[in-house]
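So the structure is just underneath, and the comments pick up after that.
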2 protein chains.
Amino acid sequence: MTDHVGGSLQSLRESNRERLIALLREHGALHRAELARRAGVSRATVTTIVNELLAGGVVVEGAGSEPANGGPTAKRAALTLNPEAGVIVGLDFSAGSVTGVIADLSHQVLADGTRALAPQLGWMGRLDVGVELIDEMRADAGVTGRPLAGVGLGIPGPVDWTTGEIGTSSKSLEWAGARPSAQLAERLGVPVRQDNTAHLGALAEAVWGAARGSRHVVYVKVSAGLSAGLVIDGQMCRGALGATGALGHTCAVPDGPLCSCGSRGCLELYAATPAILEAVRPHHPDASFEGVAERAADGDRPCRRALADAATMLGRSLAGVCNLLNPESIIVGGDLTAAGDLVMGPLRTAVTDHALPIATQALSIGWGDLGDRAGAMGGVALMLQEPESIGASS
Amino acid sequence: MTDHVGGSLQSLRESNRERLIALLREHGALHRAELARRAGVSRATVTTIVNELLAGGVVVEGAGSEPANGGPTAKRAALTLNPEAGVIVGLDFSAGSVTGVIADLSHQVLADGTRALAPQLGWMGRLDVGVELIDEMRADAGVTGRPLAGVGLGIPGPVDWTTGEIGTSSKSLEWAGARPSAQLAERLGVPVRQDNTAHLGALAEAVWGAARGSRHVVYVKVSAGLSAGLVIDGQMCRGALGATGALGHTCAVPDGPLCSCGSRGCLELYAATPAILEAVRPHHPDASFEGVAERAADGDRPCRRALADAATMLGRSLAGVCNLLNPESIIVGGDLTAAGDLVMGPLRTAVTDHALPIATQALSIGWGDLGDRAGAMGGVALMLQEPESIGASS
């Protein structure tokens with residue numbers, strides 16, 4: 001499973017398959033020779049890839065507009081993206097919301113949406129809202145007539161990759177053992193895959209976003225919780241059971257307060273957004289995180305300090321990650337993004353101050369490109385990693 | 001470079017190549033049909049591998065003893081390991097010593113040895129001692145007449161995989177920029193590769209030792225320093241510049257004492273052997289680490305506590321590594337091995353207490369199989385990863 005996903009991440013990012021799909025999206029209809037010329041690859045390569053795309057139902061032959069130099073042969077060989085092909089949905093759940101995107105097989109996003117969720121809502125109720133959101137997005141995108149090819153779910157906690165069950169962590173004590181992907185697959189009759197939301201964010205940023213082209217990536221999502229996704233040597237790193245990236249439960253302060261995971265002084269207690277809100281509460285009792293970020297930008301000193309302290313704690317832990325993994329890119333996403341340089345400045349300083357020089361020599365640190373939609377787009381990427389099954393699923 | 005090494009680690013461990021070499025080592029001479037039958041693989045696979053081994057000079061055809069059912073054809077096809085093939089040396093440097101092994105191309109260790117080094121000795125002096133050790137081991141093994149095919153060097157600090165230079169770390173401030181592998185290659189006229197000693201330990205334990213068969217391995221070497229080697233998805237993880245595994249510089253105590261790396265409270269200051277000696281100094285001013293381990297085994301309470309404290313600090317940091325990487329195996333090597341269960345017990349407890357349940361659910365923690373020779377054997381493995389160049393080098 002891990003191998004397949006890893007290999008497909010590489011192929012999504014690096015292979016010619018994506019270039020051919022992009023050319024067809026851009027130009028509408030092209031024949032094989034034009035594809036080869038525009039993509040700068042051999043005819044044999046085009047033939048191989050096109051045969052796969054035809055078999056998977058991603059492209060069709062002989063439909064769409066005339067090719068540029070249409071003779072009978074060229075006309076017969078003109079290829080277009082399959083207008084009847086299925087659409088793919090990514091749904092990214094946090095404790096308090098679900099964000100969705102709907103995309104076609106060429107991974108163009110057609111619509112998106114967000115719904116609030118009561119944090120105590122169980123998975124049956126969460127999936128009800130998710131299904132409503134899917135219907136709404138299909139209507140918004142005008143694709144109610146096209147089959148749903150699959151759904152990728154983002155889960156705010158570890159997912160045991162071997163069983164599909166949600167694992168035990170601080171945020172998901174009541175969810176442990178749940179299998180929302182299986183429930184949703186049964187309900188919709190389509191393939192549904194799930195992974196931790198930060199893994200999906202890493203996947204999306206590595207395939208389409210800020211980490212594109214990097215082979216060693218640490219993606220950190222900082223919102224109500226704090227977790228990471230790792231790309232190592234160009235492959236998603238899921239570990240023995242899929243539980244990689246639980247950076248929020250790194251010990252930041254050895255004798256710090258008890259964490260809901262049962263350890264003490266976990267990074268999440270210092271660097272996730274609830275800790276920042278708690279720190280400024282005496283000064284701004286009802287501020288939202290956006291409110292804190294805005295006040296800090298306007299010069300409010302407690303808000304600036306709370307952001308800088310959280311960024312420093314995060315940076316210290318990321319310095320340890322750099323010493324351990326020597327990444328090329330650290331990408332930060334989630335709610336923290338709203339704070340901009342007031343977080344990124346002290347974060348960069350803390351990483352550099354606490355890591356070995358060689359561990360950060362090749363490193364860039366920055367915000368993700370995909371914002372709030374990173375996890376949901378990662379859900380789409382997760383499904384696109386099995387194009388054959390996507391083509392066959394509806 | 002990284003890809004090649006990773007791929008070869010897999011092939012060393014998993015491929016049929018090793019089985020064929022092992023059969024020839026065991027049986028002396030076999031023809032292709034016997035190899036196929038005994039290895040349980042197809043004739044075609046045997047033919048492919050044997051052709052590579054012949055081209056690399058690892059095996060020869062038509063020499064050695066009669067095959068079991070010798071007719072003219074079988075006799076012509078009988079294969080043996082090449083008795084004239086080169087030997088490979090691994091030299092593993094620590095600050096205070098160099099340990100060497102010499103092995104044949106079937107990676108059987110023929111001899112080994114250790115020499116003390118003055119910690120302040122520079123690389124020219126260290127290589128002098130290394131060359132003497134090589135000559136001594138060749139004499140001990142009775143292989144002075146066989147060509148030296150290559151040397152793998154273990155370095156006690158990060159090695160920049162892109163330049164071959166030693167990187168800046170606490171232990172190697174004076175060595176930064178040194179290229180001992182290039183110096184030794186020039187001196188001996190053979191290929192010399194180098195890597196961090198803990199990376200080599202991980203490689204050797206994954207290929208031949210306690211981590212054999214695990215795809216997600218953290219090897220920790222605890223001696224005068226503390227560093228790690230990572231195998232992720234069956235591949236050596238070297239990161240952007242080869243600087244992975246600097247676990248000794250994980251922050252264990254945020255406002256702890258200054259470390260020579262410029263950070264504070266690094267794990268190495270609490271869990272490496274000098275910290276243990278320092279802790280027991282009021283009670284046992286001149287004890288060696290072996291002495292502390294012996295006293296602890298005899299019931300000395302300060303020695304037991306010093307070992308347990310170091311193990312607990314190491315376990316806390318390794319819990320963070322489990323949360324991040326979700327490994328299947330943690331293998332501990334280096335001097336700490338001498339302390340046995342007095343370290344392993346509290347270490348296991350600390351890992352379990354501080355990691356998320358799912359992060360340790362599939363985990364085993366234990367000592368390495370290869371002892372003091374792990375790094376040097378990793379040097380041999382590093383050279384064996386390029387069998388073609390080994391065959392062609394002498």
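Treat the numbers as computed from the prediction; the structure is a model and nothing was measured.
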Pick whichever of A:C266, A:A243, A:A252, A:S263 has the most heavy-atom pairs under 4.5 Å with chain B. A:A243
Hey, are the side chains of B:I232 and A:Q235 touching, using non-hydrogen atoms and a 4.5 Å cut-off? no
Chain A contact via B:P327 - which portion, at a heavy-atom distance below 4.5 Å: backbone
Could you tell me whether the side chain of A:N323 and the main chain of B:H249 form a donor-acceptor pair under 3.5 Å? yes
Check whether B:L241 gets within reach of chain A through its side chain, its backbone, both or neither, counting any heavy atom under 4.5 Å. both
Closest approach of A:E328 to B:A240 (non-hydrogen atoms, all atoms of both residues): CG-CB, 3.6 Å
Structural part of B:L325 lying under 4.5 Å from a heavy atom of chain A: both
Within this structure, what is the CG-CZ distance for the pair B:D353 and A:R264, rounded to the nearest 0.5 Å? 12.0 Å
If you measure from CG on B:N326 to CZ on A:R238, what distance do you get to the nearest 0.5 Å? 12.0 Å
Should A:T244 and B:L324 count as side-chain neighbours, where that means a heavy-atom distance under 4.5 Å? no
Quick one: are B:P254 and A:P254 in side-chain contact, heavy atoms under 4.5 Å? yes
Drop me the distance from A:C251's SG to B:R316's CZ, to the nearest 0.5 angstrom. 6.0 Å
